[in-house]
4 protein chains.
Amino acid sequence: MPRTEEQLNEIREEKRLLIMETALALFAKHGFHHVSISQIASSAGISKGLMYNYFSGKKDLLEKIISDSFKHFTENFDPNHDGVLEKHELLQFIDNAFDMIHDNFDFWKLFYTMLLRPSVFEIVIQKYEEMLEPLYKMLMTYFEKSGYEKPHREAVFFAAVMDGLAINYIIDPGHFPLEDIKEKVKSLYR
Amino acid sequence: MPRTEEQLNEIREEKRLLIMETALALFAKHGFHHVSISQIASSAGISKGLMYNYFSGKKDLLEKIISDSFKHFTENFDPNHDGVLEKHELLQFIDNAFDMIHDNFDFWKLFYTMLLRPSVFEIVIQKYEEMLEPLYKMLMTYFEKSGYEKPHREAVFFAAVMDGLAINYIIDPGHFPLEDIKEKVKSLYR
Amino acid sequence: MPRTEEQLNEIREEKRLLIMETALALFAKHGFHHVSISQIASSAGISKGLMYNYFSGKKDLLEKIISDSFKHFTENFDPNHDGVLEKHELLQFIDNAFDMIHDNFDFWKLFYTMLLRPSVFEIVIQKYEEMLEPLYKMLMTYFEKSGYEKPHREAVFFAAVMDGLAINYIIDPGHFPLEDIKEKVKSLYR
Amino acid sequence: MPRTEEQLNEIREEKRLLIMETALALFAKHGFHHVSISQIASSAGISKGLMYNYFSGKKDLLEKIISDSFKHFTENFDPNHDGVLEKHELLQFIDNAFDMIHDNFDFWKLFYTMLLRPSVFEIVIQKYEEMLEPLYKMLMTYFEKSGYEKPHREAVFFAAVMDGLAINYIIDPGHFPLEDIKEKVKSLYR
DNA sequence: GATGAATGAGCGTTCATTCAT
DNA sequence: GATGAATGAACGCTCATTCAT
């Protein structure tokens, strides 16, 4: 008797996640180009061939990892989903951002690793921009509303500060004065 | 008439530089892993074999590029070399930093590309920290002297902000509001 | 109400034929090696696994297709089954041959594709020769009876001409001057 | 001291030929798709990688084999290169054709193997048509000049006859009544 | 010093086949 | 009978590196 559709979906979903999690951890640790399909397969305890039942190739695997994580990220942004940022939401975002990096350390490490490597990043840039645009717009609207002189500059600056802090946190989380820095950033926007 | 020892050394040094510059430009454009030794050799107009007279391998070439550029970087830092930062020096540093990135764009692009890839960066991180430490100390001393509550936090924050801005500038220099951002950063420390 | 043995056999035979027809069409269009079991199965609307209930493997499937088609071919040959060829039968055969190719285009395309590939053709060559021998004998008898000097030569020549024409017809049926060629061949034996 | 240009050319030409001859023999024996690069390399006594110093891939290797052989073929056609076929030249061509097949058996076996396999033949079809067109034109002109009613039909027929004979000769050269057949064909055009 | 032919380990990927369900 | 997840050997190909000249 063949498996039921439900059983198959369960198996497929489990394996899909297993492969993606295994690959993400390896990509984060060694970098996309330094991880071979063989390594992923053997780390996940499956055959090389099985990978290709779930993903059309190494690039596709990366894309799926990134887009899944983005989905998770965007879902946890703009708390009340009204597209408008209030001051307390911005302050809360600053707190959340570092928690998010902490909770998805591998992903964010991979993400920032890719950010400057065109050959890898182009795979993913579109999803990145789709995700980023609403955030940028919200920030600009917020800064405009709050009376800042140059909202675009403020949005760019804010994003760059968060990137810089994220990267430094990722490089050496043990020595990063996390709470102090959170306070510092929040003090700029209080 | 055979060349003198000195002339030979000069020729050697020229070739060495030629290879490094060629490789740096290619690495920055396509990424380290997407540039083959063959490409570097043919771009530089030399044979593959000759590369190995100057560098022990592809990794070695990368290391030499990074560490040479650091040397150049540190030599052009700390304006009056007294180890003490004045406010006007800090403000000037902010200006200079972006100029430096602009003038050595390929290097800084490559550098930030490598920043999160332990396997490669490990090799140069020590030189990087050696170079960074006096700056950190100067910064901390300055912030302390200027009455900041948490000098360490301020130094980390400042460095991270500069990293974040550098990265965003490198990703898309055409759309980066350079002058506005310089002003913004300086305004924080005026 | 369970199906009778006969009904089951009928279903089995239908599936078998479905698979063979699907595969033949794909083999003819893309070539044996460019068609995967997955493609055949999905084209036929069955699972990969089921294929192996009907055929022991891809090679076996090919063999069965070829030998089944031969069976069909031989059954529709030698019009009055008396083993003797009359001139009008030979002339009719020439007409029929092209109709036969037209009606079973996929098969003959596949067949001629395989003709020169020993590793595959070996398998069916015996059946092919069994089928061909009576024809050869009839031809030789006919040519002998008709006063040709070298009946063997004539039989070989006739068969080769028909092969050559068949192949050229198959390569580009749209541009093949079919009726003209039929006339030409028949004129040689009128 | 590096090798002279001449030495390098010699080495290159030798290896190129070695690889092509080895590959042709294997392709003819087992078919293009059944021969791996590894097999060719090990048959030729070289490494896999070296193949790619001489040919850009397996397809390119095939193309070069075919086009080199075509070159050889066309050079030995139309004896006095005046683009006009005389009766004695046609009769001589018939003799030569079988000699040519005999002398380049592997090539012609490979060629006819490919003729019906679109996926392989398309690699080579252009060169084939370039080579064939002048021949077709010469034939048509000849048949027209000689008072045949339908020159196009005659050219198609002639080419098909030669194909059919070639294929049958290639399948089983030992049992092919070569001289008798040559006479037969020539008698049609005397 | 300088060359480039030569190597071979390793890559991403395919696919006929197996087998638990 | 029927399914499709799973396997693994083999493929075409790349490229850092070596070394005879």
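Just the heavy atoms: all of them, side chains too, but no hydrogens, waters or symmetry mates, feed the values below. Here is how names work: the chains are called A, B, and so on, in the same order as the sequence lines, proteins then strands, and each is numbered from 1.
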Paired nucleotide for E:dT7 [Watson-Crick or G-U wobble; both distances under 3.5 Å]: F:dA16
Gap between atoms CZ and P, on C:F55 and E:dT18 respectively (whole Å): 16 Å
Length of the CG-P vector between D:N9 and E:dG4, whole Å: 11 Å
Side-chain N or O of A:N53 closer than 4.0 Å to phosphate OP1/OP2 of F:dA6: no
Atom-to-atom span, CD of C:E63 to P of E:dA16 - whole angstrom: 15 Å
A:S36 side chain near E:dC11 phosphate (N/O to OP1/OP2, under 4.0 Å): yes
Side-chain N,O (B:Y54) to OP1/OP2 (E:dA2) below 4.0 Å: yes
Of C:Y52 and D:K48, the one whose closest DNA chain E nucleotide lies more 5': D:K48
Presence of salt bridge, D:D68 and D:K64, under 4.0 angstrom: no
5' precedence on DNA chain E between B:K15 and A:Q39 (nearest-nucleotide basis): B:K15
Rounded distance (Å) that lies between atom P of F:dA5 and atom CE of A:M51: 15 Å
Atom-pair distance (CD1 on C:I40; C1' on F:dG4), nearest Å: 17 Å
Validation row: A:I40, A:L61 side chains within 4.5 angstrom (heavy atoms): yes
Given DNA chain F, 5'-ward residue of the pair A:G45 and C:R12, judged by closest heavy atom: C:R12
D:K58 to D:F27, cation-pi by 6.0 Å centre distance and 45° axis angle: no
Touch class at under 4.0 angstrom, heavy-atom based, for B:G57 against every strand present: sugar-phosphate
Nucleotide E:dC11, atom P - distance to NE2 of A:H34 in whole Å: 11 Å
Candidate nucleotides F:dT21, E:dA6, E:dT17, ranked by approach to the side chain of C:I37 - the nearest: E:dT17
More than 12 heavy atoms of other groups within 6.0 Å of D:E13 CD: yes
Nearest to side-chain heavy atoms of C:S47, which nucleotide of F:dT7, F:dA2, E:dA5: F:dA2
Check: B:Y112 ring centre within less than 6.0 Å of A:Y112 ring centre: no
Nearest-nucleotide comparison on DNA chain F, the residue closer to the 5′ end among C:L50 and D:Q7: C:L50
Residue D:E10 excluded, over 12 heavy atoms near CD under 6.0 Å: no
Interatomic distance where NE2 belongs to C:H30 and P belongs to E:dC15 [whole Å]: 13 Å
Pairing partner (Watson-Crick or G-U wobble, both distances under 3.5 angstrom) of E:dT21: F:dA2
Touch class at under 4.0 angstrom, heavy-atom based, for D:K58 against every strand present: sugar-phosphate
Interatomic distance where CD belongs to D:E10 and C1' belongs to E:dA5 [whole Å]: 14 Å
